[in-house]
J.: 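This is the structure I want to talk about, given as structure tokens.
Within every chain, numbering begins at 1; the chains are lettered A, B, ... in the order of the sequence lines, protein sequences first and strands thereafter.
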There are 2 protein chains.
Amino acid sequence: MATHDERPAEPERVRAPNIRDVARVAGVSYQTVSRVLNDSPSIRPETLQRVRDAISELGYRPNQAARALVTSRSRTIGVLSAQTVHYGPATATNAIETAAREAGYRLSITNISSTEYASIKSAVDYLMSQSVEALIVIAPQVRVFEALNDLQVAVPYVTLEATGLNTSHSLWVDQVQGARIATRHLIELGHTEIMHISGPQDWIEAEARMQGFLRELSDADLRTRAPILGDWTASFGYYAGIELLRYRDFSAVFVGNDQMALGFMHACREHGLDVPGDISIVGFDDIPEAAHFAPPLTTVRQNVAEIGRRAIALLLGELRGEEGLSHDPVQPELIVRESTARRR
Amino acid sequence: MATHDERPAEPERVRAPNIRDVARVAGVSYQTVSRVLNDSPSIRPETLQRVRDAISELGYRPNQAARALVTSRSRTIGVLSAQTVHYGPATATNAIETAAREAGYRLSITNISSTEYASIKSAVDYLMSQSVEALIVIAPQVRVFEALNDLQVAVPYVTLEATGLNTSHSLWVDQVQGARIATRHLIELGHTEIMHISGPQDWIEAEARMQGFLRELSDADLRTRAPILGDWTASFGYYAGIELLRYRDFSAVFVGNDQMALGFMHACREHGLDVPGDISIVGFDDIPEAAHFAPPLTTVRQNVAEIGRRAIALLLGELRGEEGLSHDPVQPELIVRESTARRR
DNA sequence: CGTTGCGATGTGTACGGTCACATCCGCACG
DNA sequence: CGTGCGGATGTGACCGTACACATCGCAACG
């Protein structure tokens with residue numbers, strides 16, 4: 001009907017070599033090739049070598065799709081993440097990617113733009129439609145958890161950097177403990193009026209840090225005051241500082257993350273206040289830049305990469321049918337620098 | 001031999017519903033269901049509805065592996081990235097993910113730990129074994145390019161944030177221009193002795209920024225001096241500062257990125273030098289924190305997210321067979337804050 | 001020396017879709 | 001009123017692999 005192509009002469013499309021092509025070249029059956037690929041024990045060394053030679057000669061690569069189809073295993077782990085630009089999540093994702101790749105798994109990463117139910121649902125749908133075998137959630141917001149529960153996720157999953165609720169699925173740095181050691185540090189320096197700038201209310205981490213802060217204060221019989229709820233950004237820290245410093249009825253601040261601490265210190269400078277002379281500040285995260293803030297920031301270091309690695313280990317174990325692997329929280333560590341001093 | 005299970009009674013494994021199950025429920029042939037899935041035009045509205053009902057009744061999800069197998073299209077775009085923790089790459093990756101998802105593509109991301117040839121080759125192999133249809137490279141190092149050329153990547157690819165060589169595949173913010181406006185700004189403030197702290201020598205971006213710096217200086221007939229080669233980290237900026245400030249034969253510094261600028265300013269403080277009073281500093285990137293450094297940093301903003309989006313658009317176009325889409329570099333913008341002042 | 005057992009290898013089939021082609025139906029046309 | 005045509009739908013084959021099972025050859029055994 002259309003153009004009359006000369007069909008027989010040219011091979012036309014170059015099809016990627018498949019397992020039968022390899023078999024033909026090696027002079028064995030395709031099943032033997034399959035055995036080589038899945039390193040089955042009972043193969044004669046000589047045959048093995050012939051097949052391997054054929055594979056590299058043809059530049060053969062097993063077709064993952066075909067394999068996934070027949071085994072009904074995608075060898076994919078889904079990562080549901082919010083705010084991958086943040087230091088913590090980005091670091092964790094990195095570690096996860098490496099660990100997954102080493103274990104022969106690939107990752108499918110998706111970011112949620114908002115914590116709206118619909119947004120989360122669509123992200124989960126997206127991942128499920130790729131038939132991920134497991135799920136890692138790095139979106140430590142209360143609503144994400146609710147959505148996850150509600151969606152009846154059918155695969156094993158863990159949530160990172162969350163504390164408290166839903167512990168069977170969680171893997172986390174002990175945020176409460178981190179907040180406590182940060183707060184205790186300030187108390188031990190003689191501060192009695194301590195402020196807290198927290199992360200967004202619906203972030204579980206923010207909540208945990210706040211709890212740790214409040215508990216430590218009440219254990220020391222100190223006055224607690226309502227924390228400020230921020231959004232993790234340096235800008236928020238700055239504007240919060242401008243507000244708070246108008247009535248300066250505190251001598252120390254525990255800030256929910258290093259970025260906000262940076263902004264807060266900016267506000268202090270503008271008010272002509274010395275850190276730590278007039279105000280002591282502790283951050284949280286220990287981002288690489290924190291050591292070079294003005295002044296270098298005292299903060300709480302948490303090993304998120306370790307958490308990422310554990311997440312993969314946990315999930316792979318679960319996929320293998322092992323149960324009850326350790327969920328011990330990773331312990332945070334206080335890094336004392338120059339943003340805190342004895343109250344004067 | 002082992003436990004004697006009652007086999008016949010229970011359906012055992014719950015198989016996910018497939019296209020034929022849907023067809024049975026809807027009372028049509030599987031081909032009709034396939035037509036619905038690929039929204040073919042010629043379907044009676046009534047039939048369409050029946051099929052849709054059946055799909056949602058069964059909770060049917062098309063099996064991507066099967067689809068990929070038969071169409072030999074993976075609908076996957078590979079991302080080869082170095083240092084995803086950095087602000088630029090992370091932001092770009094985010095934008096890429098969103099754009100790809102909207103276009104019905106998924107991403108396969110892999111990080112390279114080093115720029116060793118073997119490491120790059122293994123990353124490319126990894127991605128190719130997933131039969132990615134296209135590749136985005138966010139690892140702007142010379143050696144990565146060489147490896148890429150050498151590996152004869154068989155799919156369309158673009159490299160991000162690179163300048164100069166290999167332009168047919170590159171998409172970038174005009175780094176040379178960015179460096180020039182940064183340098184020009186310092187010159188216009190009366191500085192004649194200007195230092196440059198660059199990124200690692202093998203990063204194409206670092207090279208481009210250095211070129212821009214040198215060209216602008218020579219256009220202004222100013223003395224050029226050998227730039228310091230750093231590693232992008234705040235720590236390096238700090239130690240470089242400590243060294244450089246021992247012989248303070250310059251009044252301004254153009255630093256290759258904001259993190260190193262932060263470290264450098266830290267060193268200035270320790271030397272009792274005022275920024276911008278004694279030394280003017282310009283950074284590069286405009287990370288969100290830069291506005292809150294001490295002092296707020298004058299820097300060059302580049303829209304990496306835009307680059308990421310364009311990368312996807314370009315690749316998708318190429319996959320559709322369109323040629324020669326626009327490769328115009330994105331123009332950077334100078335953000336003047338308080339780390340630069342007229343020379344006194 | 002026939003049988004058994006096991007290691008090494010080959011054959012059939014299923015996985016869940018899409019594509020090419022065949023079929024069916026109703027309507028407009030000559 | 002037969003024919004042609006196009007829209008709607010169904011049938012067969014195939015994509016590349018892994019699994020279950022069959023087969024083959026050889027050594028050890030009674």
J.: Rounded to whole Å, how long is the line connecting atom CZ of A:Arg75 with atom P of D:dA18?
T.: 11 Å

J.: My understanding is that only residues two or more places apart in sequence, or in another chain, count here; which of them pass side chain to side chain contact (heavy atoms under 4.5 Å, CB included) with A:Ala68?
T.: B:Ala65

J.: Can you list everything that forms a salt bridge (charged side-chain N to carboxylate O under 4.0 Å, His left out) with A:Arg73? Sequence neighbours excluded, please.
T.: A:Glu133

J.: Through what angle, rounded to 10 degrees, does the axis of the helix from C:dC1-D:dG30 to C:dG30-D:dC1 turn between its ends, using five pairs per end?
T.: 50°

J.: Less than 4.5 Å apart, side chain to side chain, heavy atoms only: is that true for A:Leu148 and A:Tyr157?
T.: yes

J.: Which of residues 29-37 of chain A sit near DNA chain C, with a heavy atom under 4.0 Å from it?
T.: A:Ser29, A:Tyr30, A:Gln31, A:Thr32, A:Arg35

J.: What closest approach, in Å, do B:Pro156 and B:Glu318 show between heavy atoms, and which atom pair accounts for it?
T.: CB-OE2, 3.5 Å

J.: Over how many whole Å does the gap from B:Asn38 atom CG to C:dA20 atom C1' extend?
T.: 15 Å

J.: Between CG of A:Leu316 and CD of A:Glu102, what distance do you get to the nearest 0.5 Å?
T.: 11.0 Å

J.: Please give, in whole Å, the distance from C:dA14 P to B:Arg20 CZ?
T.: 11 Å

J.: Between residues 58-70 of chain B and DNA chain D, which residues have a heavy-atom gap below 4.0 Å?
T.: B:Leu69, B:Val70

J.: When the nearest nucleotide of DNA chain C is assigned to A:Val28 and to B:Ile19 on a heavy-atom basis, which residue is associated with the more 5' position?
T.: A:Val28

J.: Of all the heavy-atom pairs spanning B:Ala26 and B:Val51, show the shortest one and how long it is.
T.: CB-CA, 3.9 Å

J.: Any ion pair linking B:Arg24 and B:Asp21 (charged N to carboxylate O, less than 4.0 Å)?
T.: yes

J.: Going by distance alone, is a donor N or O of one side chain under 3.5 Å from an acceptor N or O of the other, for B:Asn18 and B:Tyr30?
T.: no

J.: Assess the residue pair B:Val79 and B:Thr110 against the criterion (side chain to side chain contact (heavy atoms under 4.5 Å, CB included)); give the C-alpha distance rounded to whole Å, side-chain angles, the decisive distance to 0.1 Å, and a yes or no.
T.: CA-CA 6 Å; B:Val79 177; B:Thr110 190; over 6 Å; no

J.: Going by distance alone, is a donor N or O of one side chain under 3.5 Å from an acceptor N or O of the other, for B:Ser108 and A:Arg106?
T.: no

J.: Between B:Arg61 and A:Asp125, does any side-chain N to carboxylate O distance fall below 4.0 Å?
T.: yes

J.: Just checking, B:Arg101 and A:Tyr126: is the charged tip under 6.0 Å from the six-membered ring centre and within 45° of the axis?
T.: yes

J.: Can you tell me how far the CG atom of A:Leu80 sits from the CD1 atom of A:Ile138, to the nearest 0.5 Å?
T.: 8.5 Å

J.: For residues 42-57 of chain A, which residues have at least one heavy atom under 4.0 Å from DNA chain D?
T.: none

